[in-house]
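By convention in this document, chain letters (A, B, ...) are assigned in the order of the sequence lines, proteins followed by strands, and residues within each chain are numbered from 1.
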4 protein chains.
Amino acid sequence: MSSEREPVLRADARRNRDRIVTAAKECFASHGADVPVEEIARTAGVGVGTLYRRFPDRGALIRAVARDSFSRALVEARAAVEEEATAWQALVRFLRQSSELQLSVRLAMASPLARSIIKDDPSTEQSRRAMLGLLGDVVRMAQAEGSLRPDIGAGDVAMVFVLLLRQVPIPREESAQVAGERCLAIMLDGLRARSATPLPARPLSGADLGL
Amino acid sequence: MSSEREPVLRADARRNRDRIVTAAKECFASHGADVPVEEIARTAGVGVGTLYRRFPDRGALIRAVARDSFSRALVEARAAVEEEATAWQALVRFLRQSSELQLSVRLAMASPLARSIIKDDPSTEQSRRAMLGLLGDVVRMAQAEGSLRPDIGAGDVAMVFVLLLRQVPIPREESAQVAGERCLAIMLDGLRARSATPLPARPLSGADLGL
Amino acid sequence: MSSEREPVLRADARRNRDRIVTAAKECFASHGADVPVEEIARTAGVGVGTLYRRFPDRGALIRAVARDSFSRALVEARAAVEEEATAWQALVRFLRQSSELQLSVRLAMASPLARSIIKDDPSTEQSRRAMLGLLGDVVRMAQAEGSLRPDIGAGDVAMVFVLLLRQVPIPREESAQVAGERCLAIMLDGLRARSATPLPARPLSGADLGL
Amino acid sequence: MSSEREPVLRADARRNRDRIVTAAKECFASHGADVPVEEIARTAGVGVGTLYRRFPDRGALIRAVARDSFSRALVEARAAVEEEATAWQALVRFLRQSSELQLSVRLAMASPLARSIIKDDPSTEQSRRAMLGLLGDVVRMAQAEGSLRPDIGAGDVAMVFVLLLRQVPIPREESAQVAGERCLAIMLDGLRARSATPLPARPLSGADLGL
DNA sequence: TATGAATGAGTTTTCATTCAT
DNA sequence: AATGAATGAAAACTCATTCAT
């Protein structure tokens, strides 16, 4: 679902493009945003030239990965809203299954360069907006059903969302799993309607966060 | 409080060393963990040669920055425990004033290399342990005074701590301030004793997280 | 009049070939002898594959351009000899209308590679010889009619010819026109029979110049 | 005599810089304007890094070579004016000893890129202007002494000058020598006062040629 | 000791040429 | 036969690290 100016690629070229984006995701995740382009090419099983034909520089690759991740996350978010019985359940699933975004966001934080590249990309921007809109709906519905504290805005949820995204890499697999769940549970408890301590200032919108 | 094998430097050499560490912090923060060594030297106002005399390689610099940040954070944590009236207050201050650690932790996440360097440094390790011990004390005290939910361990608090560290860079200054406060408040609500929903698994220790 | 082993091409293939040679001329002229093959293909409106089918490598293209230019120049030279009333007039027209050769010669000078390619091409070589023979005739005739100084050989005229070819690119169109004419006039004055100062050494033949 | 922003280099650095410029001249002359940077470095006996420290890209190198050549040519031109007995003699020496400029000019013509780089360089521009002024003086003096035809301007001489610069590379050494001399002699005959055929239009100034 | 010049290995990037569609 | 995608060798360029001044 990534689109740069795609003039409809030949089937094989399309396949290669996808393999490259996938490889870039993996490489960025495991070796950081500065992994040699050649390593990405090797992982994708193509020559560097092929990679450069599609992505003129590292920035284009970062953009493509971000677009891909964001658009997938959006798809998932929509599914959550549709399939879950209550708004609160949708919110929980939303927060829990944020993994699709993990990579790009981690990437985004990693280098100032990547950050600015992603920030300036209209396509990613669009996904971000759409997601924010969806989030706003869910927030309102959850507050209407009385599960979410009322002094909360979509921006606040987005922040929690982003915080959860950036899970610390924890050595032991099982611990990581548990830690993630507990963290989420603590956050959810902080978001629940009952028994909340009043928050400072007013509910944040996405705009407040520059989202 | 940074120590590599510090043979007590002459006053001016000492000054140089400090300027370099400070410059490195700034550069890492603004240009990422891969800023050219030369840029750091320029920022510090010294030649690369001088920098290399003190820090044989990039790893040494990263280590020094991490040590510096961790030790400052430790000092601050001790002050919090000493000066605050209740354990809960200490915890709040602890979580709120985590800024000193922000840079190194962000750095730590940025590149896998930096991560391993920091992980393997005994001096940072020591600060980390000390801080974890302190945190354990405060957790127990806060639970004893009934302010902190009982199904929480020092590891859980550490995770929340780290999460808060990685605040998203938010464009508008005021929003960033407010957002940070609200996020903290939500988390604190999630940590409060009253009205908590049971958490999954058991309380996490620092060891669980590899800390 | 270009021939490599031309097995008589189909009309459309022929058209393609010509478009490529023309495009190559343009590209060489505007971007130098090192313009990417792909740019030439794009200018010609064909794919690289098509270009490579006709011209196995850059050398073949250079050769083709040179052949084309030389053969056109030869045609023009013959017309000059036939149509002008006096040998001097033929010489003047010869020198003035050298533009057809401009490109290839500029190209020839541009890169040592191109130089050697052109030098070794039998077809271009043949045109060169024919032109030199023609030039020798005209020189003799002009000297016989008393218009050209006697201490001049075909080689000398060729040199002047080449010199005039390499007109400096002059910004303003009108100036360029005038400058060219004046330059030519000065040279012609230097070549005239009357009043010439004796030249050093002996008349040069084409062979002297490696032509 | 080349200057870019030279903050006074250390003696050894200066020496290296000069070696690089010299090597570049040689390499450009023998292998064209596209000779690999590494070859230039090797010829100069330095590492590529050293070359890139001084000259951030090929353009800087081209500029430096052009500056060097132009400024040397200027020095030579001044000497000619000072040391020769008559203006005509100065002019002859001027035209004959143009060799200093040969390389840069040939280079300048070779690639459109190089051409624009040289054209836009203020330092070279300055040398060009100075030389043009000098030429104007000599032209006036020579016309006053009755040796140079009166319908000639500094621009015309400059054109002849440039034409002579671009001597074709002639295979045999001795022929090249002779050919150059004869060419010069023919041109001089064309420039002489006596017996000249009126030239078209009016004397050209440097401005007319965009010089 | 401080400085910044030199080095060259590692990366990025381009482009001639081949080949599948 | 035409096209343009893929390839990889070659060239450009960067920067960590060493060393002469």
query = Can you find a side chain N or O atom of D:N16 that sits less than 4.0 Å from OP1 or OP2 on E:dA5?
reply =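 For E:dA5, neither OP1 nor OP2 has a side-chain N or O of D:N16 closer than 4.0 Å.
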
task = Tell me whether the OP1 or OP2 atom of E:dC15 has a side-chain N or O from C:R58 closer than 4.0 Å.
result =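 Answer is no, no contact under 4.0 Å.
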
[X] [atom1] - [N] [atom2] separation (whole Å):
X: D:I20; N: E:dT7; atom1: CD1; atom2: P; answer: 9 Å
X: A:R42; N: F:dT7; atom1: CZ; atom2: P; answer: 14 Å
X: A:L51; N: E:dC15; atom1: CG; atom2: P; answer: 17 Å
X: C:R54; N: F:dA2; atom1: CZ; atom2: C1'; answer: 10 Å
X: C:H31; N: E:dC15; atom1: NE2; atom2: P; answer: 12 Å
X: D:F55; N: E:dA5; atom1: CZ; atom2: P; answer: 13 Å
X: C:R14; N: F:dA1; atom1: CZ; atom2: C1'; answer: 17 Å
X: C:E39; N: E:dT14; atom1: CD; atom2: P; answer: 14 Å

task = State which of F:dG4, E:dT14, F:dT17 makes the closest approach to the side chain of B:Y52.
result =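 Closest nucleotide to the B:Y52 side chain: F:dT17.
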
ask   = Which nucleotide in the list F:dT3, F:dA6, F:dT21 gets nearest to the side chain of A:R53?
value =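 Looking only at side-chain atoms, A:R53 lies closest to F:dA6.
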
inquiry  = Nearest heavy atom decides the nucleotide; on that basis, is B:V48 or D:V48 closer to the 5' end of DNA chain F?
reply    =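 That would be D:V48.
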
query = Between B:V37 and D:V37, which has a closest nucleotide on DNA chain F that is more 5'?
reply =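 The residue mapped nearer the 5' terminus is D:V37.
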
query = Can you name the residues that form a salt bridge (Lys or Arg N to Asp or Glu O under 4.0 Å) with A:E38, not counting sequence neighbours?
reply =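 Per chain and number, A:E38 pairs via salt bridge (Lys or Arg N to Asp or Glu O under 4.0 Å) with no residue.
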
key: First encountered from the 5' end of DNA chain E, between A:P36 and C:V35   =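 Residue closer to the 5' terminus by nearest nucleotide: A:P36.
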
request  = Using heavy atoms to find the nearest nucleotide of DNA chain E for B:T50 and A:D57 separately, return the residue whose nucleotide is more 5′.
outcome  =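 Nearest-nucleotide comparison on DNA chain E picks B:T50.
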
Atom pair OG (A:S123) and CG (A:D68), whose distance is rounded to the nearest 0.5 Å =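 A:S123 atom OG to A:D68 atom CG measures 10.0 Å (nearest 0.5 Å).
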
ask   = Is any side-chain heavy atom of A:I118 less than 4.5 Å from a side-chain heavy atom of A:R63?
value =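 With C-beta onward as the side chain, the pair stays apart.
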
key: Side-chain heavy atoms of C:T22 within contact of C:K25, under 4.5 Å   =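 C:T22 vs C:K25: side chains apart.
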
Applying the Watson-Crick and G-U wobble criteria at under 3.5 Å, what pairs with [N]? Answer none if nothing qualifies.
N: E:dT14; value: F:dA9
N: E:dA2; value: F:dT21
N: E:dA9; value: F:dT14

message = Quick one: does any side-chain atom of C:R17 pair with a main-chain N or O of C:F55 as donor and acceptor, under 3.5 Å?
response =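 Answer holds: no.
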
